[in-house]
Amino acid sequence: QVQLVESGGGVVQAGASLRLSCAASQRTFSSYGMGWFRQAPDKEREFVAAISQSGSSTYYADSVKGRFTISRDNAKNTLYLQMNSLESEDTGVYYCGARVGPNVLTDYRYWGQGTQVTVSS
């Protein structure tokens with residue numbers, strides 16, 4: 001089992017940038033595909049971005065493509081989400097997940113506790 005801890009959230013104005021981090025507890029971090037999801041108030045959790053075990057492949061929701069960048073440092077057991085040009089619609093709790101299957105949208109078994117991102121317009 002891998003434990004995940006997100007950090008880096010905060011309150012920013014529209015147009016600003018934030019960088020989220022997700023620290024994993026195990027050296028087996030590199031064996032998991034990883035992803036970022038978010039949940040806005042009164043909405044279901046939605047996919048934001050995913051990355052393969054090596055980091056060579058990345059996937060993005062259309063709503064964040066060109067503004068967000070997912071990356072990972074397997075030597076540090078850490079996943080990142082660089083968020084630029086933030087919009088009020090990006091407000092929500094951001095979760096990182098460790099994937100155990102091939103589907104980048106659904107095959108996540110382990111989750112962090114989430115970090116709040118609030119974008120004011």
Side-chain angles (χ1 to χ4, degrees):
Q1 183 174 352
V2 59
Q3 294 181 329
L4 304 171
V5 179
E6 301 95 336
S7 61
V11 180
V12 298
Q13 291 192 333
S17 297
L18 276 176
R19 188 194 197 199
L20 305 183
S21 298
C22 171
S25 63
Q26 291 190 343
R27 296 178 183 177
T28 55
F29 171 74
S30 62
S31 67
Y32 294 97
M34 299 293 296
W36 286 99
F37 287 71
R38 67 188 180 188
Q39 187 167 17
D42 300 322
K43 292 187 177 181
E44 293 188 355
R45 188 177 298 190
E46 65 173 0
F47 170 78
V48 174
I51 191 167
S52 61
Q53 290 118 317
S54 67
S56 60
S57 297
T58 56
Y59 313 86
Y60 296 94
D62 288 342
S63 59
V64 306
K65 203 171 293 183
R67 299 188 298 121
F68 290 11
T69 301
I70 188 172
S71 62
R72 66 190 297 164
D73 186 335
N74 286 341
K76 296 182 178 179
N77 294 339
T78 304
L79 174 74
Y80 302 101
L81 185 67
Q82 177 67 44
M83 305 186 295
N84 298 330
S85 302
L86 282 161
E87 304 168 352
S88 57
E89 291 79 11
D90 296 318
T91 294
V93 178
Y94 282 70
Y95 300 90
C96 66
R99 181 161 51 85
V100 296
N103 191 314
V104 300
L105 299 180
T106 61
D107 289 348
Y108 296 84
R109 179 175 295 174
Y110 306 108
W111 296 94
Q113 83 291 346
T115 185
Q116 176 70 46
V117 172
T118 303
V119 184
S120 60
S121 57

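Formation of a donor-acceptor pair under 3.5 Å by the S56 side chain with backbone atoms of S54 is not found in this model. A distance-only check finds a donor-acceptor pair linking the side chain of R72 to the backbone of S52 [under 3.5 Å].
What you find for A14 and S121 is that their closest heavy atoms are CB-CA, 4.2 Å. Counting all heavy atoms, side chain and backbone alike, D107 lies closest to N103 at OD2-N, 2.9 Å. Between G114 and E6, the shortest heavy-atom contact is N-OE1, 2.8 Å. When every heavy atom of S31 is checked against every heavy atom of T28, the shortest pair comes out as OG-O, 2.5 Å. Residues N84 and S17 come closest through the heavy atom pair OD1-OG, 2.9 Å. A pairwise comparison of heavy atoms in F29 and L79 identifies CZ-N, 3.9 Å as the closest pair.
For the pair Y32 and R109, the minimum side-chain heavy-atom distance is 4.5 Å or more. Side-chain contact between T115 and S7: absent, with no pair of heavy atoms (C-beta onward) separated by less than 4.5 Å. Contact check for L18 versus F68: no side-chain heavy atoms found under the 4.5 Å cut-off. Residues Q13 and S120 form a side-chain contact, since some pair of their non-hydrogen atoms from C-beta on lies under 4.5 Å apart. At least one side-chain heavy atom of L20 sits under 4.5 Å from a side-chain heavy atom of M83. Under the 4.5 Å side-chain criterion, counting only non-hydrogen atoms from C-beta, L105 is not in contact with Y59.
Considering only residues two or more places apart in sequence or on other chains, V11 meets the side chain to side chain contact (heavy atoms under 4.5 Å, CB included) condition with T118. F37 meets the ring pair (Phe, Tyr, Trp, His ring centres under 6.0 Å) test with F47, Y108, W111; sequence neighbours excluded. D42 is linked by a salt bridge (charged side-chain N to carboxylate O under 4.0 Å, His left out) to nothing, counting only residues two or more places apart in sequence or in another chain. Remark: K43 engages no residue in a salt bridge (charged side-chain N to carboxylate O under 4.0 Å, His left out) (not counting sequence neighbours). Remark: E89 engages no residue in a side-chain hydrogen bond (donor to acceptor under 3.5 Å, both in side chains) (not counting sequence neighbours).
No more than 12 heavy-atom neighbours from other residues, nucleotides or ligands sit within 6.0 angstrom of CD on Q3.
In the hydrophobic cluster analysis, where Ile, Leu, Val, Met, Phe, Trp and Tyr join through side-chain heavy atoms closer than 4.5 angstrom, V12 is grouped apart from Y80. Placement of I51 and V104 in two distinct hydrophobic clusters is found when ILVMFWY residues are connected by side-chain heavy-atom separations under 4.5 Å, directly or transitively. V64 and V117 fall within the same hydrophobic cluster, defined by Ile, Leu, Val, Met, Phe, Trp and Tyr side-chain heavy atoms under 4.5 Å apart, directly or through other members.
Atom-to-atom distance recorded for Q82:CD and R67:CZ is 12.0 Å, nearest 0.5 angstrom. If you take CG on L81 and OH on Y60, they are separated by 7.5 Å, rounding to the nearest 0.5 Å. Atom CG in D73 sits 11.0 Å away from atom OG in S30 (nearest 0.5 Å).
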All N/O donor-acceptor pairs, side-chain side in residues 93-100, below 3.5 Å, sequence neighbours left out:
unit_1 : atom_1 : unit_2 : atom_2 : d
Y94    : OH     : R38    : NH1    : 3.0
Y94    : OH     : D90    : O      : 2.6
R99    : NH1    : G101   : O      : 2.9

